[in-house]
Amino acid sequence: MNSQAQRKIIVGVDGSDHSIHALREAGKFSELLHAPIETVTAWQYPPAYAGHTVGIWNPEEDAKDALNEALAKAFPGNPPANLEKTLSPGHPAHVILEAGKNAELIVVGCRGRGGFTGLLLGSVSSAVAAHAHGSVLVTHMGYHGHRTSTD
């Protein structure tokens, strides 16, 4: 395995505000570690569509659009030069874990598009943190506007 592959930073992106924050944090670590960033965006057909023609809806195109919009928000006008984009079919946690096998760091947001408001950690970030082969940074944006006491 080459040293460049070991030093890569993998960041899971689903287009949510939390993944945009994860992108920004990955950018900071990229500078500190002098490591390239690989964004990983997973897509899949919902189980109800398995084996059926879905017409004009294309989840891969939706994932590509979400990734490009997230990059534009995270790095307005100036994406890192050492950034590589990956779109892969499959469950997000599995895709991120596979991409991160030889990474220096995996960065994910604490929650993605599919979470419930009360959860502190989403299922993808939990699975990545529990099963990664290396270091994982789960980023938190804070919960501005939410009560922190019972008054």
Side-chain angles (χ1 to χ4, degrees), residues 1-47 49 54-117 119-146:
M1 140 179 54
N2 70 42
S3 62
Q4 187 74 341
Q6 278 186 317
R7 304 233 5 119
K8 188 180 287 190
I9 296 171
I10 302 297
V11 57
V13 180
D14 67 359
S16 67
D17 289 342
H18 290 277
S19 72
I20 292 166
H21 181 68
L23 273 168
R24 291 181 183 128
E25 294 298 303
K28 293 175 190 175
F29 279 91
S30 174
E31 290 177 18
L32 290 170
L33 300 172
H34 305 287
I37 299 170
E38 179 181 349
T39 63
V40 176
T41 302
W43 60 272
Q44 59 187 352
Y45 286 104
Y49 288 96
V54 293
I56 60 171
W57 180 62
N58 183 334
E60 183 175 13
E61 283 300 314
D62 283 354
K64 182 179 179 181
D65 291 344
L67 172 58
N68 289 331
E69 288 173 20
L71 286 168
K73 288 178 182 176
F75 308 110
N78 194 19
N82 62 352
L83 187 135
E84 177 185 337
K85 298 188 280 187
T86 299
L87 288 158
S88 295
H91 185 276
H94 298 170
V95 171
I96 293 167
L97 287 165
E98 185 63 31
K101 279 187 175 177
N102 298 314
E104 179 75 16
L105 178 67
I106 299 174
V107 183
V108 291
C110 65
R111 295 179 357 121
R113 289 184 179 263
F116 296 102
T117 303
L119 293 179
L120 296 178
L121 200 61
S123 61
V124 171
S125 53
S126 294
V128 170
H131 300 289
H133 294 276
S135 297
V136 176
L137 172 63
V138 179
T139 65
H140 292 265
M141 295 173 44
Y143 294 94
H144 306 294
H146 293 264

Residues in salt bridge (charged side-chain N to carboxylate O under 4.0 Å, His left out) with K101, at least two apart?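 Result, salt bridge (charged side-chain N to carboxylate O under 4.0 Å, His left out) vs K101: E98.
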
Do [X] and [Y] have side chains that approach each other closer than 4.5 Å (heavy atoms only, starting at C-beta)?
{"X": "T39", "Y": "L67", "answer": "yes"}
{"X": "T139", "Y": "V108", "answer": "no"}
{"X": "V136", "Y": "L105", "answer": "no"}

Please list every donor-acceptor pair under 3.5 Å in which a side-chain atom of residues 74-82 meets a protein atom from a residue at least two apart or in another chain.
{"residue": "N82", "atom": "ND2", "partner": "S30", "partner atom": "OG", "Å": "3.1"}
{"residue": "N82", "atom": "ND2", "partner": "A35", "partner atom": "O", "Å": "3.1"}

Taking all non-hydrogen atoms of both residues into account, name the closest pair between [X] and [Y] and its distance.
{"X": "A26", "Y": "V11", "answer": "CB-CB, 4.0 Å"}
{"X": "A63", "Y": "W43", "answer": "CB-CB, 3.8 Å"}
{"X": "I106", "Y": "A132", "answer": "CD1-CB, 4.0 Å"}

Does any pair with a residue in residues 70-96 pass salt bridge (Lys or Arg N to Asp or Glu O under 4.0 Å), and if so which ones, sequence neighbours excluded?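 Every pair satisfying salt bridge (Lys or Arg N to Asp or Glu O under 4.0 Å) with a residue in residues 70-96: K8-E84.
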
Tell me yes or no: between the side chains of T86 and E38, is some donor less than 3.5 Å from an acceptor?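 E38 and T86 do have a side-chain donor-acceptor pair below 3.5 Å.
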
Do side-chain atoms of S125 reach the backbone of V138 as a donor and acceptor pair under 3.5 angstrom?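 Side chain of S125 to backbone of V138: no pair is present.
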
Mark yes or no for whether S16, through its side chain, and S19, through its backbone, hold a donor-acceptor pair below 3.5 Å.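 Yes; at least one donor-acceptor contact below 3.5 Å.
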
Pairwise distance CG(L97) to CD1(I10) - rounded to 0.5 angstrom: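 L97 atom CG to I10 atom CD1 measures 11.0 Å (nearest 0.5 Å).
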
